[in-house]
Structures are given as C-alpha cells and as structure tokens.
There are 2 protein chains.
Amino acid sequence: MVTKQFNGSLDEADLTRADSLAREIFSDIANKWALLIIESLGERTLRFSEVRAGIEGISHKMLTQNLRMLERNGLVDRTVHATVPPKVEYTLTESGQALRVTIDGMCDWTHTYLGHIEESRRRFDG
Amino acid sequence: MVTKQFNGSLDEADLTRADSLAREIFSDIANKWALLIIESLGERTLRFSEVRAGIEGISHKMLTQNLRMLERNGLVDRTVHATVPPKVEYTLTESGQALRVTIDGMCDWTHTYLGHIEESRRRFDG
DNA sequence: CCGTATCCCAGTGGATACTG
DNA sequence: CAGTATCCACTGGGATACGG
C-alpha cells in the first residue's frame with residue numbers, strides 16, 4: 001500500500017479493512033457451537049467423534065462446519081491418519097489456546113452469576 | 001431439596017439442573033449481537049438509539065430482542081424516562097460489567113491474532 | 001470413521017406499520 | 001423515541017444417504 005511509506009501508521013483504508021476483518025472474525029467465532037468446541041477441546045487432542053460426544057446436542061453437520069471454520073482461521077489443527085477406518089484428530093493451536101483462556105472466563109462467569117441470573121429471571125418473568 | 005440435609009454438596013439432580021441452566025445461559029449470551037451490545041455499552045449509559053448507532057448492521061428487532069434477554073438475565077438495567085418523546089437508557093449491571101471484562105479479552109484476542117488469522121485463511125483457501 | 005451433498009422444514013430475522 | 005405486532009423471505013440446521 002503506497003501511502004504507508006509516508007507514515008508509519010495505518011492509513012484510513014487499512015483501519016477500515018482491519019476493523020471489518022476483526023468484525024468478521026468476531027462474527028465467525030462468537031457463536032455457541034464454536035465456543036463450546038474450543039472449550040471442549042481444551043488441552044486435549046480429540047477425534048471427531050469424541051468432540052461430538054462431548055458436546056450435547058451438536059449435529060454432525062454443525063460440528064463439521066464449525067471445525068472447518070476454526071481450522072480455516074488457524075484455531076485448530078486437523079490431523080488425518082491414513083488408516084482404515086480413518087481417524088481424524090483435532091487439537092487447539094496456540095491462538096486457539098489463547099482464545100480458550102478467555103472462554104474459560106465466560107464459563108467461570110456463568111457459574112459465578114448463576115444464582116443472580118436465576119433470581120433476575122424470576123423477577124422479570126413475574 | 002431433601003437430600004441436601006444428608007451431605008453438604010449438591011445431589012445429582014441439582015448438578016444436572018445447574019449444568020443445563022448454565023448451558024442455557026451460555027446459549028443466550030454466546031451470540032454475536034449480545035456480545036457486541038455488552039461491549040458497546042461498556043461503562044457508559046446509552047439510549048436505545050445510541051446503542052443501535054454504535055453497532056453496525058443490527059436491526060431494530062434484534063436490538064430490542066437482545067436487550068430484553070440481557071435485561072431478563074440481569075446483565076443490563078433499563079430505565080424509562082417518562083418524557084415526551086420517551087427516553088430509555090441502558091447500562092450494564094455489575095454482572096454485566098464482569099462479563100464485559102471477558103469479552104474485552106476476546107476483542108483483544110481478535111486484534112492480537114489478526115495477522116495469524118489472515119495468513120491461515122490464505123493458506124486454507126489456496 | 002469421517003466428510004460432503006441433498007433435501008426440506010422451522011424458526012430467524014428483516015421490513016413495515018401502528019401504538020403510547 | 002421506543003416498543004410491539006404482523007408478515008414473509010430466507011437460510012440455518014436436522015435427517016439422510018452415499019463416497020473415500
């Protein structure tokens with residue numbers, strides 16, 4: 001980008017691009033299944049079927065779709081073992097681990113405020 | 001719950017209930033719009049229309065719906081000023097603030113790994 | 001076992017209009 | 001200005017089947 005040679009910082013077009021990219025990534029990742037998959041993988045390496053078993057209610061399709069998305073964004077590594085039957089393993093990358101830490105925070109939050117939330121719901125619903 | 005008097009910990013039924021509740025809360029909150037609303041509110045108090053202006057692409061309906069949900073779960077306070085025209089203000093509660101901290105973490109993460117992600121996508125798509 | 005493709009329905013969410 | 005309701009297009013996501 002030509003304007004960069006005139007100043008060290010990003011120009012407006014770059015900022016816009018970076019923002020919209022950030023927003024796109026956020027939209028990819030800020031969904032229930034993606035977060036649950038990351039949380040479920042944790043520090044382990046799991047097979048497709050094991051991830052599936054660990055997440056109640058996720059369909060085959062949603063799991064595939066989200067794992068692909070996470071792989072594309074570099075959050076999980078996918079290893080195919082050329083055996084019969086095939087065996088495919090998933091594991092979090094460094095960036096995946098980094099995100100997991102923040103998701104752990106969300107989970108902790110949920111448990112910390114469970115009581116508050118239940119009570120708030122009762123008040124609201126009544 | 002009767003069994004509680006026999007031991008200090010939660011019985012199985014309670015655990016199941018707490019888990020499914022936690023899961024339900026997680027499903028409520030782990031969606032793009034809810035997270036963006038919380039992040040956008042930050043430490044400020046904003047009117048409905050101001051929140052809307054701050055979040056590109058959110059529809060009137062989605063904003064209302066998510067604000068209601070957040071209010072119900074006790075993450076935002078809603079104050080109606082009985083003026084003409086009406087003025088409704090939203091602000092994060094203590095629990096909302098606590099969750100915001102973890103969402104800030106996700107945003108930081110996004111910006112930290114922006115480069116990694118872009119490159120990973122290029123590799124994947126090619 | 002894992003992945004992709006196809007079909008199909010239910011529910012999400014946008015647009016619009018009306019109320020307080 | 002904010003909320004609710006109605007309508008409807010659309011797609012998200014489940015079920016299923018087949019391929020590697």
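Just so we're clear, the structure is a prediction, and the values are computed from it rather than from any experiment. In what follows, every chain begins at residue 1, and chains take the letters A, B, ... in the order their sequences are listed.
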Problem set entry | Integer-rounded Å distance: D:dC1 P and B:L63 CG | 14 Å

Exercise. Can you find a side chain N or O atom of A:R78 that sits less than 4.0 Å from OP1 or OP2 on C:dC2?
Worked result: no

Problem set entry | Closest to the B:K61 side chain, choosing from D:dC1, C:dG14, D:dA15 | C:dG14

Exercise. What about B:H60, does its side chain sit under 3.5 Å from the base of D:dG3 through a donor-acceptor pair?
Worked result: yes

Exercise. According to the interplanar angle, ranging from 0 to 90°, do the rings of B:Y113 and B:W109 count as parallel (below 30°), tilted (30 to 60°) or perpendicular (above 60°)?
Worked result: tilted

Exercise. Taking atom P of C:dT12 as reference, at what distance in whole Å does atom CD1 of B:I58 sit?
Worked result: 16 Å

Problem set entry | Rounded interatomic separation in angstrom, taking NZ from A:K87 and P from C:dG3 | 14 Å

Exercise. Does one side chain, of A:D28 or A:N73, offer a donor that lies under 3.5 Å from an acceptor on the other?
Worked result: yes

Exercise. Checking all strands, does B:R52 fall into the base, sugar-phosphate, or nothing category for heavy-atom contacts under 4.0 angstrom?
Worked result: nothing

Exercise. Would you say B:Y90 reaches D:dG3's phosphate, i.e. side-chain N/O to OP1/OP2 under 4.0 Å?
Worked result: yes

For this session: Would you kindly give the CG-to-P distance between A:N31 and C:dG13, to the nearest whole Å?
Result: 12 Å

Exercise. What nucleotide, of C:dT4, D:dG3, C:dC2, holds the atom closest to the side chain of A:P86?
Worked result: C:dC2

Exercise. B:R68 CZ to C:dT12 P: how many Å, rounded?
Worked result: 18 Å

For this session: Calculate the interatomic distance between B:N66 atom CG and C:dG14 atom P; express it in whole Å.
Result: 10 Å

Problem set entry | For atom CH2 of A:W33 and atom P of D:dG13, their distance in whole Å | 9 Å

Problem set entry | Side-chain (A:T93) to main-chain (A:D77) donor-acceptor, under 3.5 angstrom | no

For this session: Side chain of A:T64 only, please: which of D:dT4, C:dG14, C:dT4 is the nearest?
Result: C:dT4

Exercise. OP1 or OP2 of D:dA2 less than 4.0 angstrom from a side-chain nitrogen or oxygen of B:S49, does that happen here?
Worked result: yes

Exercise. Of the options A:E71, A:R78, A:E50, which is the one that meets A:Y90 in a side chain to side chain donor-acceptor pair (under 3.5 Å)?
Worked result: A:R78

For this session: Would you please confirm or rule out a distance under 4.0 Å between OP1 or OP2 of C:dC1 and any side-chain N or O of A:R47?
Result: no

Problem set entry | Side chains of A:Q65 and A:R68, donor plus acceptor under 3.5 Å | no

For this session: Would you mind reading off the distance between B:M62 atom CE and D:dG3 atom P, rounded to a whole angstrom?
Result: 14 Å

